[in-house]
Amino acid sequence: MNLTSIAFRFDRVIYVLTVLLVLSGISAYFDLPKAQDPGFTIRTAVITTHFPGASPERIELLVTDKIEKVVQELPELDHVKSQSENGASTVYANFKERYRDMRPIFDKLRRKIDDIKDLPEGVIGPFVNDEYGDVFGMVYALSGDGFSYAELKTYADDVRNQLLKLASVSKVEIQGAQDEVVYVEYINSRLTELGISPQQLSQILSSANILQPGGEILVGQERIALEPSGNFDSLEDIRRTVVQLPNQNQVIYLNDIAKIYRGYADPAKSKARFNGKPVLVISISMQEDGNILELGKSLEQLIPELESNYPWGVQITPLFFQPELVADSVSGFMSNLIQAVSIVMLVMLAFLGFRTGLLVALLIPITITVSFVLMQVFDITINQISLAALIIALGLLVDNAIVIVESIIVRRQQGDDAQTAAIESGRELAVPLL
């Protein structure tokens, strides 16, 4: 007994099961996560350490070798490779292919790296980076004529906070922001005249700007926190800093010997421009199980609302919007599917008659919709790779249906009844077509 004979015996069950599978496939099509490319697991973490002024040999001996030995203690490790250069060490920890949930492994790696205590004094780091594989599917430019970088950064932070409230958003990064600094410009000849060195001036500012807790006082059952008031809260506080002149009983204000003003770090770490104007770039990454089409609709509603809340001139312009590409891929597949069904039906109706043409044409959408159910079971997303596979499969489905129907027709012409012809054709062609 083969599948065809079982289907004839329980034909009503097969009809109901087919209808249920088709309805489930249609529901799965709308529920399946949609993305441009299939997700992939990155099993590599990069550990970077800076040791300014050290030669590659010293970096290898004092930093890289110690980090490698700690990394090699992880049982999940596949292999490790490193690079030592002037002032910097880079270690790549590659883990075995059989591991899929990398978060616990990366957390264990971070704890081991944090436990390294015998690195030389002056070492900056080590830093573990396991997120360099993030894909930002939506990128926006935040601009504003007449607004400073600091003001734009305030609006960008607000946009970031609002975007992170969306369920499908995994990460939001802001590029192009400039670090604010306070410049204290002095004239060397003036400091020499007063007998003050630049190092002494720096120490005076450090001692005046108190950034430490003042402790607590326990009075009965009450605990009173002490907060020192010596930290700088404004440019005027810095300007009014008292400078004691060496070997003299005189004091002057810092403003009398230096120019104090607010600015940005120079040179800048990074800058972003759009249409020749300075902007901040807001990049959005989606969660692995998210639907990028639904996320795109949410962003199309949220971004104009946020833009309307900001002052006139602040604009949020899309630079790259991946949902449009995904929507084109999905619509292209549906177009191919409709064309395939239509062409097959027309050809079959023309050469094999109405019933045969209708049967062959219906096999294609039924099989595709059932495939969506299986894709949901095996966590396969709708992306350009899976859609390409389905498009290729359309040709196979058409061929298989025509071969089976043709075999049934030939057997009917040889005198077999419809049920026998179908059963024997299925038995004969099941393995070759599979």
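- Between the side chains of S335 and Q339, at least one donor N or O lies within less than 3.5 Å of an accepting N or O.
- Checked by atom type and distance alone, the side chain of E151 pairs as donor or acceptor with a backbone atom of S148 at under 3.5 Å.
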Distance-only donor-acceptor pairs under 3.5 Å for side chains of residues 20-35, two or more places apart:
residue : atom : partner : partner atom : Å
S24     : OG   : L20     : O            : 2.8
S27     : OG   : D31     : OD2          : 3.4
K34     : NZ   : Y29     : O            : 2.7
K34     : NZ   : L32     : O            : 3.3

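- At least one donor-acceptor pair under 3.5 Å links the side chain of R43 to the backbone N or O of E97.
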Please list, one pair per line, the donor and acceptor atoms closer than 3.5 Å that link side chains of residues 158-168 to other protein atoms, with sequence neighbours excluded.
residue : atom : partner : partner atom : Å
D158    : OD2  : Y310    : OH           : 2.5
R160    : NE   : V172    : O            : 3.1
N161    : ND2  : D157    : O            : 3.2

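- The salt bridge (charged side-chain N to carboxylate O under 4.0 Å, His left out) contacts involving residues 55-66 comprise D65-K69, K66-D118, where partners must be two or more places apart or lie in separate chains.
- Looking only at side-chain heavy atoms (C-beta outward), E424 and I408 stay at 4.5 Å or farther from each other.
- The closest side-chain heavy-atom distance from V281 to Y140 is not below 4.5 Å.
- A salt bridge is defined here as a Lys NZ or Arg NE, NH1 or NH2 lying under 4.0 Å from an Asp or Glu carboxylate O, and E300 with K297 fails to meet this definition.
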ask   = Could you go step by step and tell me if F136 and I284 meet the side chain to side chain contact (heavy atoms under 4.5 Å, CB included) rule?
value = CA-CA 5 Å; F136 297 98; I284 306 169; 5.6 Å; no
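- Residue R12 places its CZ atom among 12 or fewer non-hydrogen atoms of other residues, nucleotides or ligands, all under 6.0 Å distant.
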Exercise for review: Would you check, one step at a time, whether the test side chain to side chain contact (heavy atoms under 4.5 Å, CB included) holds for L142 with T317?
Suggested key: CA-CA 7 Å; L142 177 68; T317 308; over 6 Å; no
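- Between G122 and P52, the shortest heavy-atom contact is O-CD, 3.9 Å.
- How far OG1 of T4 is from CZ of R427: 8.5 Å, rounded to the nearest 0.5 Å.
- Side-chain contact between S89 and F51 is absent, with no heavy-atom pair separated by less than 4.5 Å.
- Taking CG of L280 as the reference point, atom CD of Q175 lies at 9.5 Å (rounded to 0.5 Å).
- Listed by chain and number, the residues in a ring-ring contact (aromatic ring centres under 6.0 Å, His included) with Y15 amount to none (sequence neighbours excluded).
- Distance alone, capped at 3.5 Å, is enough to place a donor-acceptor pair between the S329 side chain and the L325 backbone.
- Taking the six-membered ring where tryptophan is involved, the planes of F147 and Y155 are perpendicular, since the angle between them exceeds 60° and thus also 30°.
- The main-chain N or O of E305 is found under 3.5 Å from a side-chain atom of S308 such that the two form a donor-acceptor pair.
- Side-chain atoms of S407 and S425 form a donor-acceptor pair, as typed in the model, at a separation below 3.5 Å.
- Side chain of Y264 to backbone of Y149: a donor-acceptor contact under 3.5 angstrom is found.
- The residues R110 and D130 are annotated as salt-bridged, a charged nitrogen and a carboxylate oxygen being separated by less than 4.0 angstrom.
- Between A401 and L363, the closest heavy-atom pair is CB-CD1, 3.4 Å.
- At least one side-chain heavy atom of L390 sits under 4.5 Å from a side-chain heavy atom of F372.
- Remark: M102 CE to T41 OG1 distance equals 8.0 Å, nearest 0.5 Å.
- Atom NZ of K259 has 12 or fewer heavy atoms from other residues, nucleotides or ligands within 6.0 Å.
- One finds the OH atom of Y99 at 6.0 Å from the CD1 atom of I105 (value rounded to the nearest 0.5 Å).
- Nearest heavy-atom pair, S386 versus I380, reported as atom, atom and distance to 0.1 Å: CB-CG2, 4.3 Å.
- Between V128 and A45, the shortest heavy-atom contact is CG1-CB, 4.4 Å.
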* Asked: Do V139 and I282 pass the side chain to side chain contact (heavy atoms under 4.5 Å, CB included) test, and can you show the C-alpha distance, the side-chain angles, and the key distance before you say yes or no?
  -> CA-CA 6 Å; V139 181; I282 303 175; over 6 Å; no
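- Residues V123 and H50 are not in side-chain contact: their nearest non-hydrogen atoms beyond the backbone lie 4.5 Å or more apart.
- Between L293 and P323, the shortest heavy-atom contact is CD2-O, 3.5 Å.
- For S82 and T64, the side-chain atoms include no donor-acceptor pair closer than 3.5 Å.
- The side-chain heavy atoms of M375 and I382, taken from C-beta on, include a pair separated by under 4.5 Å.
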Q.
Does E76 form a salt bridge (charged side-chain N to carboxylate O under 4.0 Å, His left out) with K108? I'd like the steps, not just the answer.
A. CA-CA 10 Å; E76 300 88 354; K108 188 190 301 185; 2.9 Å; yes
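- Counting non-hydrogen atoms of other residues, nucleotides and ligands closer than 6.0 Å to CD of E222 gives a total of 12 or fewer.
- Residues L74 and K112 are in side-chain contact: their nearest non-hydrogen atoms beyond the backbone lie under 4.5 Å apart.
- Here the side chain of E307 pairs a donor or acceptor atom with the backbone of I316 at under 3.5 angstrom.
- The pair K277-D145 meets the salt-bridge criterion, with a side-chain N (NZ, NE, NH1 or NH2) lying under 4.0 Å from an Asp/Glu carboxylate O.
- Proximity of a side-chain donor or acceptor of Q178 to a complementary backbone N or O of G176 within less than 3.5 Å is detected.
- For residues 385-403, the set of pairs meeting the salt bridge (charged side-chain N to carboxylate O under 4.0 Å, His left out) definition, not counting sequence neighbours, is empty.
- Atom CG in N291 sits 7.0 Å away from atom CE in M286 (nearest 0.5 Å).
- Using modelled atom types, no side-chain atom of R411 and backbone atom of T420 make a donor-acceptor pair closer than 3.5 Å.
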**Study point:** Verdict with supporting geometry, I366 and T18, side chain to side chain contact (heavy atoms under 4.5 Å, CB included)
**Key:** CA-CA 8 Å; I366 290 175; T18 301; 4.1 Å; yes
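- Residues satisfying the side-chain hydrogen bond (donor to acceptor under 3.5 Å, both in side chains) test with S285, not counting sequence neighbours, are none.
- Using a cut-off of 4.0 Å between Lys/Arg side-chain N and Asp/Glu carboxylate O, K81 and E68 are scored as not salt-bridged.
- To the nearest 0.5 Å, atoms CZ (F127) and OG1 (T48) are separated by 6.5 Å.
- Taking each heavy atom of K96 and L77 in turn, the nearest pair found is CE-O, 3.3 Å.
- Between E185 and Y261 the shortest side-chain heavy-atom distance falls below 4.5 Å.
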